[in-house]
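The block underneath contains the structure these notes are about, expressed in structure tokens.
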Protein chains: 2
Amino acid sequence: MAEGRRERADAARNREAILRATEELLARYRPEQVSMERVAAAAGVGKGTVFHRFGSRMGLMVALMRERAYALGEAVTNGPPPLGPGAPPEERLMAFLDAVAELVGRNKGLLAALGHAATTSSKSPSGKEREDDHAEGPPDGRPVYQFWHGHASELIAERRPDLDAELLAHILLGSLQSEPVLRLLERGESARLAASLRVMAAGILAGP
Amino acid sequence: MAEGRRERADAARNREAILRATEELLARYRPEQVSMERVAAAAGVGKGTVFHRFGSRMGLMVALMRERAYALGEAVTNGPPPLGPGAPPEERLMAFLDAVAELVGRNKGLLAALGHAATTSSKSPSGKEREDDHAEGPPDGRPVYQFWHGHASELIAERRPDLDAELLAHILLGSLQSEPVLRLLERGESARLAASLRVMAAGILAGP
DNA sequence: TAGACAAGTGGACCGTCGGTCAAGTACGCT
DNA sequence: AGCGTACTTGACCGACGGTCCACTTGTCTA
């Protein structure tokens with residue numbers, strides 16, 4: 001891949017400005033109050049530019065999420081144990097859940113915005129696909145959630161092949177999208193979440 | 001409570017028509033495509049009537065949810081074991097999770113719509129509160145989710161007072177709001193969900 | 001350095017949404 | 001029958017996500 005020519009300098013500058021503006025607005029206001037128009041205004045560009053760059057509200061949020069999740073993705077695939085390869089599955093899963101809880105805790109608004117974007121924009125009329133190239137994100141090009149889910153799923157399956165690892169991983173990770181849990185995170189209690197996730201993971205992995 | 005006079009006949013008829021229309025639309029279309037205007041048209045009433053009766057989109061969805069959850073609420077508080085009082089906590093929790101998974105499975109669209117309503121309507125400008133009286137729902141007047149959470153939470157705490165029962169209950173129940181899990185339910189795999197919820201619950205309740 | 005062409009930009013515009021409201025309608029009580 | 005009031009209605013509102021296209025600007029070539 002990686003076809004086509006380089007990105008123009010002004011375009012890159014604007015992309016950055018939009019991302020940073022979204023970040024700041026998301027930190028200051030509730031996600032549904034962060035409209036694309038407000039983002040554009042805060043970034044000092046026209047609304048059309050935002051859509052040109054990111055395609056849709058969903059696209060913007062995903063791009064921001066990828067950026068945030070990049071380091072974790074790297075650590076998981078290439079980093080040192082216990083997050084990276086090498087440690088036993090249960091330790092890797094625990095470490096991973098800790099890291100995810102902490103990451104989500106530091107980015108409370110974004111997860112909610114992603115959820116909001118997912119339900120709000122019932123796919124743009126034309127199924128355009130932007131933001132596929134030049135993507136920061138997990139090492140491969142897959143969306144953040146799928147990467148996380150795949151990882152957790154594999155770790156569970158490795159230790160307990162008798163269980164429904166895919167679904168269990170969804171349940172574990174799904175809690176991060178639940179409103180009450182998000183509210184908790186907003187009050188800075190991500191350590192409490194991590195502890196409970198560890199309890200659940202331990203319960204699952206404790207074998208027959 | 002229960003003050004004021006009785007509900008007028010035409011009002012009751014319309015309330016019923018609106019509820020049934022919402023039900024049908026939710027079964028046939030994705031939640032974000034079920035607009036209040038469409039509901040009104042399908043029910044054969046004006047849009048204003050829908051808002052007069054239910055206050056907001058959220059109010060409508062909550063009313064529908066209450067109606068659906070009424071039987072479960074009854075069974076849990078007054079019914080026979082293992083769902084009702086009498087059985088040991090772990091059995092009650094298992095039975096409850098089974099029942100919830102099945103209920104949610106039969107009402108896929110509604111949960112998603114509730115989530116959508118929660119993020120979409122950032123509370124109506126005037127904080128009106130309708131639908132507080134004449135509410136079917138769990139025996140008390142509390143919203144469905146709070147009732148469910150309270151119940152699961154108590155059962156966990158009863159068996160494992162050393163754990164963070166509140167949070168664990170949120171995580172368990174929160175999975176029902178997660179998109180991937182909802183998609184699974186849409187494909188009729190509620191038994192699979194129930195099984196995995198049992199695994200998690202067992203994992204939590206086992207031990208010291 | 002000139003100039004040409006693609007890439008990028010901006011904001012008026014569109015359809016739709018959730019929600020409001022004032023004016024009209026009809027129920028139920030006496 | 002007649003009255004008060006609860007109920008109904010649809011035009012209306014502001015805001016949203018998303019589109020469009022005339023216009024500007026960066027960059028590549030000669």
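Proteins get letters first, then strands, A, B, ... in listed order; numbering begins at 1 in each.
- Comparing A/G44 and B/A9 by the nucleotide of DNA chain C whose heavy atom lies nearest to each, the residue mapping closer to the 5' end is A/G44.
- Proximity of A/T49 to the phosphate of C/dG10: a side-chain N or O atom is located under 4.0 Å from OP1 or OP2.
- As rounded to whole Å, 11 Å separates atom C1' of C/dG8 from atom CD1 of A/I18.
- Rounded to 10°, the helix from C/dT1-D/dA30 to C/dT30-D/dA1 has 20° between the axis fitted to its first five pairs and the one fitted to its last five.
- For A/E90, the side-chain contact (heavy atoms from CB on, under 4.5 Å) partners at least two apart in sequence or on another chain are A/P88, A/R159, A/L205.
- For B/L60 and C/dC17, the CG to P distance is 15 Å, given to the nearest whole Å.
- Note on A/R13 versus A/E16: no salt bridge recorded, every NZ/NE/NH1/NH2 to OD/OE distance being 4.0 Å or above.
- With sequence neighbours left out, the side chain to side chain donor-acceptor pair (under 3.5 Å) criterion links A/R28 to A/E24.
- If you take CG of A/D10 and P of D/dG26, they are 6 Å apart, rounded to a whole angstrom.
- B/F147 does not carry B/R66 over the face of its six-membered ring by the limits of under 6.0 Å from the centre and within 45° of the normal.
- Contacts between residues 34-41 of chain A and DNA chain D, defined by a heavy-atom separation below 4.0 Å, involve A/S35, A/M36, listed by number.
- What separates NE2 of B/H52 from P of C/dG19 is a distance of 16 Å, to the nearest Å.
- In this structure, B/R57 does not reach the C/dC17 phosphate: none of its side-chain N or O atoms is under 4.0 Å from OP1 or OP2.
- Counting heavy atoms from C-beta outward, B/L72 and B/W148 have side chains that approach closer than 4.5 Å.
- Atom NZ in B/K47 sits roughly 10 Å away from atom C1' in D/dA11 (whole-Å rounding).
- For B/R183, the side chain to side chain donor-acceptor pair (under 3.5 Å) criterion is met by B/E179, not counting sequence neighbours.
- Here B/R15 does not reach the OP1 or OP2 of D/dC7: none of its side-chain N or O atoms lies under 4.0 Å away.
- Both the sub-6.0 Å distance and the 45° axial angle are not jointly satisfied by B/R57 relative to the ring of B/F51.
- Whole-Å rounding puts the A/F51 CZ to C/dA12 P distance at 16 Å.
- The separation between A/F54 atom CZ and D/dG17 atom P is 15 Å, rounded to whole Å.
- With B/H170 contributing its side chain and B/H149 its backbone, the two residues share no donor-acceptor pair below 3.5 Å.
- In this structure the side chain of B/S196 reaches within 4.5 angstrom of the side chain of A/I171, judged on heavy atoms.
- Contact between A/A201 and A/L97 at its shortest, heavy atoms only, is CB-CD1, 3.8 Å.
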Full working for side-chain contact (heavy atoms from CB on, under 4.5 Å) between B/V62 and B/Y145: CA-CA 10 Å; B/V62 167; B/Y145 182 84; over 6 Å; no
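- For D/dT8, one of the phosphate oxygens OP1 or OP2 lies less than 4.0 angstrom from a side-chain nitrogen or oxygen of B/N14.
- Contact annotation: A/R13 side-chain N/O to C/dG8 OP1/OP2 distance is not under 4.0 Å.
- Listed for the A/R53 side chain is no donor-acceptor partner under 3.5 Å among the backbone atoms of A/R15.
- For the pair B/E32 CD and C/dG15 P, the interatomic distance rounds to 21 Å; values are reported in whole Å.
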Each nucleotide N or O in nucleotides 22-25 of chain C that has a protein N or O under 3.5 Å away: list the pair and distance.
none

